[in-house]
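Contents: one structure, followed by commentary.
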Amino acid sequence: MNSWVKKSIVLGAGLSLILSGCGNQTKDSANTDDGKLKVVTTFYPMYEFSKQVAGDHAEVIALIPSGAEPHDWEPSAKDMATIKDADVFVYNGIVEGWVDSALSSAANEQRVVVEASKDISLMEGEEHEHGEEEHEHSEEEEHDHEEESHLDPHVWLDPVLAEQEVRTIQAAFEKADPASKEDYQKNADSYIAKLKELDLAYKEGLSNTKHKEFVTQHAAFGYLAKQYGLTQIPIAGLSPEQEPSPDEMAEVVEFAKQHQVKTIFFETLVDPKVAQVVADEIGAATDVLNPLEGLTDEDLKNNLDYIGIMTKNLEALKKALNE
């Protein structure tokens, strides 16, 4: 069973009981005493975009800690109390399969909830299925979750679509704190200017590469590839926990050989063994293409942020596509 489906099933009736004993006691609660908005986000891109828009008007926290893979994460009782106390809750959509149940259990009528990808037309993603699995929920639930899980959530990896997410977050802040609307507008404009510079760098850097195809560990870069005229060949599907079948591995190996792929990309928060197997099979090197689903300790040590990591991704792609 897909892990995103499991999370939404596990959370539910029991969470409302957990919350009754939590109140506002968690030290990680979004409560502030200085009148600032209490903003709770899910994983790193949502945190970064929210922080940039908020400026000095909000305390912004990320529920999913550095180094954690967001596809596999689910909230604790402390996290649920934090969600309950938020003035604004920001999530991407689809990645966080637990959100609907959590928001229902941690009810707060005053809270502004924003799905940052809601105004973006999502693409169908490449989802690998391996064998029959036991189903523990109704056919209606299965259909709903199956439809959602086949949509690609990784819109934040396209700088142009990231701009749309920033604007959606901006609107939510303005709704929660109308008095600071002009500041949110100015902050969003400033950050979007940086995203436009990033978009231009990608356009210029990838427009005339020797190759247009790249092989990556999981299907996170579909929007980026579409935006800049590239072809992503994922070893696994939308979730990094998926492992390809032998036939799927053979197809990727054959494609890589035919297209003279000399670099196989892996990512920072997932075991790179599958990417290494493909690389070894064709005599290719490996390199990091970061899906920005979370920062590592090394990223934090080097003061890297969304713009910095996306710039490193661009350099990695330029190198690989010109080999």
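Note that the structure is predicted; figures quoted are calculated from it, not measured.
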Review point. How far apart are the C-alpha atoms of Val277 and Val274, what are their side-chain angles, what is the distance that settles it, and do they pass the side-chain contact (heavy atoms from CB on, under 4.5 Å) test?
Key: CA-CA 5 Å; Val277 167; Val274 175; 5.7 Å; no
Check your understanding: With the 4.5 Å side-chain cut-off for hydrophobic clustering, are Tyr202 and Leu200 part of the same group?
Key -> no
Check your understanding: What do the steps show when you test Asp199 against Lys203 for salt bridge (Lys or Arg N to Asp or Glu O under 4.0 Å), and what is the final call?
Key -> CA-CA 6 Å; Asp199 171 46; Lys203 284 177 180 174; 3.3 Å; yes
Exercise for review: Answer yes or no: is there a donor N or O on one side and an acceptor on the other, between the side chain of Tyr223 and the main chain of Asp152, under 3.5 Å?
Suggested key: yes
Check your understanding: What is the distance from atom CG of Leu206 to atom CG of Leu317, rounded to the nearest 0.5 Å?
Key -> 6.0 Å
Exercise for review: Decide yes or no on side-chain contact (heavy atoms from CB on, under 4.5 Å) for Met249 and Glu281, but give the supporting numbers first.
Suggested key: CA-CA 10 Å; Met249 286 283 282; Glu281 181 69 23; over 6 Å; no
Point to revise | Check: Asn187 side chain, Asp183 main-chain N or O, donor-acceptor pair, under 3.5 Å | key: yes
Exercise for review: Return yes when atom CD of Glu182 has more than 12 non-hydrogen atoms of other residues, nucleotides or ligands closer than 6.0 Å, and no otherwise.
Suggested key: no
Review point. Is there a donor-acceptor pair under 3.5 Å between the side chain of Lys38 and the backbone N or O of Val88?
Key: no
Exercise for review: Kindly give the heavy-atom pair with the smallest separation between Met46 and Thr41, and that separation in Å.
Suggested key: O-CG2, 3.7 Å
Practice item. First locate atom CD of Gln217, then atom OG1 of Thr268, and finally report the distance between them rounded to the nearest 0.5 Å. Key: 10.0 Å
Exercise for review: Just say parallel, tilted or perpendicular for the rings of His218 and His154, cut-offs at 30° and 60°.
Suggested key: perpendicular
Review point. Backbone N or O of Ala220 within a donor-acceptor pair of the Gln232 side chain at under 3.5 Å?
Key: yes
Check your understanding: Do you know which two heavy atoms are closest between Val252 and Pro234, and how far apart they sit?
Key -> CG2-O, 3.9 Å
Review point. Distance from Lys194 atom NZ to Met310 atom CE, nearest 0.5 Å?
Key: 15.5 Å
Exercise for review: Report yes if some heavy atom in the side chain of Gln110 is under 4.5 Å from a heavy atom in the side chain of Asp87; otherwise report no.
Suggested key: no
Review point. Hey, are the side chains of Trp156 and Tyr44 touching, using non-hydrogen atoms and a 4.5 Å cut-off?
Key: no
Check your understanding: Of all heavy-atom pairs between Pro159 and Leu195, which one has the smallest distance, and what is that distance?
Key -> CB-O, 3.9 Å
Review point. Is the shortest heavy-atom distance from the side chain of Val90 to the side chain of Phe49 under 4.5 Å?
Key: no
Practice item. Indicate whether any N or O donor in one side chain lies under 3.5 Å from an N or O acceptor in the other, for His211 and Glu323. Key: no
Check your understanding: Ser190 side chain to Lys186 main-chain N or O, any donor-acceptor pair under 3.5 Å?
Key -> no
Study note, to complete from the structure: Minimal heavy-atom distance between Ala275 and Ile264, with the atoms involved, is O-CG2, 3.6 Å
Exercise for review: Look at the side chain of Asn108 and the backbone N and O of Asp85, then say whether any donor-acceptor pair between them is shorter than 3.5 Å.
Suggested key: no
Review point. Parallel, tilted or perpendicular: which describes the rings of His259 and Phe255, with under 30° parallel and over 60° perpendicular?
Key: parallel
**Study point:** Polar side-chain atom of Ser245 near backbone of Glu248 as donor-acceptor pair, under 3.5 Å
**Key:** yes
Study note, to complete from the structure: Rounding to 0.5 Å, atoms CZ (Phe266) and CG (Asp271) come to a distance of 10.5 Å
Check your understanding: Would you find a donor on one side and an acceptor on the other, under 3.5 Å apart, between the side chain of Thr209 and the backbone of Lys212?
Key -> no
Exercise for review: Before giving the answer on salt bridge (Lys or Arg N to Asp or Glu O under 4.0 Å), spell out for Glu315 and Lys318 the whole-Å C-alpha distance, their side-chain angles and the decisive distance to 0.1 Å.
Suggested key: CA-CA 5 Å; Glu315 294 307 311; Lys318 285 165 60 177; 3.4 Å; yes
Check your understanding: Closest heavy-atom contact between Val288 and Asn313?
Key -> O-OD1, 4.5 Å
**Study point:** Pairs flagged by side chain to side chain donor-acceptor pair (under 3.5 Å) wherever residues 164-173 is involved - sequence neighbours left out
**Key:** Arg167-Gln170, Arg167-Asp189, Gln170-Glu174, Gln170-Gln185
Exercise for review: Kindly indicate whether the side chain of Leu321, heavy atoms from C-beta on, has any atom under 4.5 Å from the side chain of Phe214.
Suggested key: yes
Practice item. Flag the pair Pro75 / Leu63 as yes when at least one side-chain heavy-atom distance between them is below 4.5 Å, and no otherwise. Key: no
Check your understanding: Looking at the rings of Trp73 and His71, which for Trp means the six-membered one, are their centres under 6.0 Å apart?
Key -> no
**Study point:** Main-chain N/O of Gly93 paired to Glu96 side chain as donor or acceptor, under 3.5 Å
**Key:** yes
Check your understanding: Should Asp280 and Gln276 count as side-chain neighbours, where that means a heavy-atom distance under 4.5 Å?
Key -> yes
Practice item. Please confirm whether the backbone N or O of Pro153 pairs with a side-chain atom of Asn92, one donor and one acceptor, at under 3.5 Å? Key: yes
Check your understanding: Roughly how far, to the nearest 0.5 Å, is the CG atom of Leu161 from the NZ atom of Lys226?
Key -> 8.5 Å
Exercise for review: Return yes if a side-chain donor-acceptor contact under 3.5 Å exists between Thr82 and Asp79, otherwise no.
Suggested key: no
Exercise for review: Over all heavy atoms of both residues, which pair between Asn290 and Leu157 is shortest? Give the atoms and the distance, please.
Suggested key: O-CD2, 3.8 Å
Exercise for review: Apply side-chain contact (heavy atoms from CB on, under 4.5 Å) to the pair Val113 and Leu103, showing each step before the final yes or no.
Suggested key: CA-CA 9 Å; Val113 175; Leu103 291 175; 3.7 Å; yes
Review point. Distance from Leu198 atom CG to Ile192 atom CD1, nearest 0.5 Å?
Key: 13.0 Å
